[in-house]
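Keep in mind it's a predicted model, so treat the numbers as computed, not measured. In what follows, chains carry the letters A, B, and so on, assigned in the order in which the sequence lines appear, proteins first and then strands, with residues in each chain numbered from 1. Keep in mind that the numbers below use all heavy atoms, side chains included, and drop hydrogens, waters and symmetry copies.
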Amino acid sequence: MKKHELVCIVCPMGCRLDVIEEKEKYTVLGNKCPRGKDYGVKELTNPTRVVTSTVKIEGGLLNRIPVKTNGDIPKDKVFECMKLLDKIQLKAPVKAGDIVLKNIFNTGIDVVTSRSM
Amino acid sequence: MLNYNVVVIGGGPAGLAAAIEAKKNGVDNILVIERDRELGGILQQCIHNGFGLHEFKEELTGPEYAERFIVELRNMGIEYKLDTMVLDMNQNKTISAINSTDGFMNIQAKAIVLAMGCRERTRGAISIPGARPAGVFTAGTAQRFVNMEGYMVGKKVVILGSGDIGLIMARRMTLEGAQVQAVAELMPFSGGLTRNIVQCLDDYGIPLLLSHTITEIKGRDRVEGIVIAQVDEKFKPIPGTEKEFECDTLLLSVGLIPENELSVQAGVDMDRITSGPIVNEAMETNIEGVFACGNVVHVHDLVDFVTAESRRAGASAAKYVNNELKKEGTTLKTEGKNGVRYIVPQVVRPENIDKTLDLFMRVDNVYHNVEMVVKIDGKEVKRMKKRHVAPGEMESVKIKKEDLSCADGSKIEVYLEKEACLKKEVYLEKEGA
């Protein structure tokens, strides 16, 4: 049996979790909502993160437009994702939620714009 | 002279929510004045996610959160002026403002909502010794450069202060290819949300040095290095603990201060602890018909709380314009004691409360296993167990209207009571997996 102490990052509550690992079975304690339970298990088996960044845009109010992955991607792909974003160049006008990159790393997750410009 | 029913100063999340709510409460002829080139305020540069969990039950980025309110404001036909600076306002609710298309304007308002937000403390505010080379930024300024203007501010970075903006910039700079050497924090605990320490520092192996400060900035034209030393309980650097970090950039995340030059000039009474106006349950200041909401009143940690508070201010401004805000009846005062640093609102008129009164407060240190007690006129009305409270996380208490029926001038006191022993602990010590 192994005990892991984590802080849930799903929402700003920041619940302190105890995740007990026993023969590849995980029990999550201390979570105030079901999402915390999912997080606790996922963080120890397949940690994921949402990536937010910016890409170049032409003809907009600003030179950069914010983008995000519309779901979480594996944590070890975060820097790879940033590299893909470096190559993107958009043209105004765009709407919030427009897809910039589809199905990155075959995760089913898209990179979308997070504002209109 | 231009005439409006409600003038909102500031087009950030607070101003947008207040204007929309005033309109929803039956007031027309509303004007929002914004000094930036677009609405949305600082949210536009906060491109990270995590906004709107209370408000929309989803995780939005700052620009997404702002856009929802901007679209609603536009659809409602609420008037706004961009690139417009308010120069002055007075007790008669006359505002003077200026921009390059209308020129100088005198604006008469029936009600004013102050929603100017806050600004960052700078290097000058914390008196860091040493030369003044280029490469020292406040974290928010760096955030604007990186996220909106498209400039990278440095390659090797040290961050002073572990407020949320500092933590988020540590991650942002790392993602953009910079090397963040360390985050130094004067206090024995972080001022930011714990989840941000996990996902912004721990994720990227960035060390958080608690009880540390900067004793020297090296470099003449550009920052070349930062000397960080450990501090004792009196925050004095301990000789011999100095460590030098080679870097070209220093980001400061050392606190936010409500921006109240206009309010003070107009004679609004200020709270010395929050640095914001003293407000009542309607978010009204001592000047009748002048309301305040958002970070101009006290610095919030979640924009969702700003929105909720600003709706109250907007609805109250509408009530005031329609002569529905009650002035008669008793007036109570709130007071934070024993670990509770401040409470907003500071003044409560029970007559204007519908069902419950919401009090917002911050504690002065990290405490574990304490009870938060509410006493009105010496009588206990509420007691809540708290496993963990920290200055970086705002606390709130709901009080029922029926508990508020007491004599004029009574006090609502909120304080912390020890359960076993009131222990000041350094958190994060045992954390991290």
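For A:L85, no part sits under 4.5 Å from any heavy atom of chain B, backbone or side chain. Neither the backbone nor the side chain of A:V19 comes within contact range of chain B; no heavy atoms are under 4.5 Å apart. Both the backbone and the side chain of B:L175 come within contact range of chain A, judged by heavy atoms closer than 4.5 Å.
The environment of OH in B:Y151 is sparse: at most 12 heavy-atom neighbours from other residues, nucleotides or ligands sit within 6.0 Å. Enclosure of atom NZ in A:K56 is not indicated, since only 12 or fewer non-hydrogen atoms of other residues, nucleotides or ligands lie within 6.0 angstrom.
The choice from A:S53, A:C15, A:P66 that makes the most heavy-atom pairs within less than 4.5 Å of chain B is A:S53. When each of B:D301, B:L302, B:D304 is scored by its heavy-atom pairs under 4.5 Å with chain A, the top score falls to B:L302. Here B:Q44 is the residue among B:E149, B:R387, B:Q44 with the most heavy-atom pairs under 4.5 Å with chain A.
Between the CD atom in B:E38 and the CG atom in A:L62 there is a gap of 6.0 Å [rounded to 0.5 Å]. Rounding to the nearest 0.5 angstrom, the gap separating the CD atom in B:Q199 from the SG atom in A:C8 is 10.0 Å. Atom OG1 of residue A:T52 and atom CG of residue B:N147 lie 8.0 Å apart, to the nearest 0.5 angstrom.
When the heavy atoms of residues 72-82 of chain A are compared with those of chain B, the residues falling under 4.5 Å are A:K75, A:V78, A:F79, A:M82, listed by number. Chain A is approached within less than 4.5 Å, heavy atom to heavy atom, by B:E67 from residues 66-76 of chain B, ordered by number. Interface residues of residues 47-55 of chain B toward chain A, defined by a heavy-atom distance below 4.5 Å and sorted by number: B:I47, B:H48, B:N49, B:L53.
Using a 4.0 Å cut-off between charged nitrogen and carboxylate oxygen, B:E59 and A:K68 do not count as a salt-bridge pair.
Sorted pairs that involve residues 83-94 of chain A and meet side chain to side chain donor-acceptor pair (under 3.5 Å), not counting sequence neighbours, are lacking altogether.
Taking 4.5 Å as the limit, some side-chain heavy atom of B:R172 sits within range of a side-chain heavy atom of A:T54. Contact annotation: the side chain of A:R115 never approaches that of B:T61 to less than 4.5 Å [non-hydrogen atoms, C-beta and beyond].
Nearest heavy atoms, A:S114 versus B:E64: O-CG, 3.1 Å.
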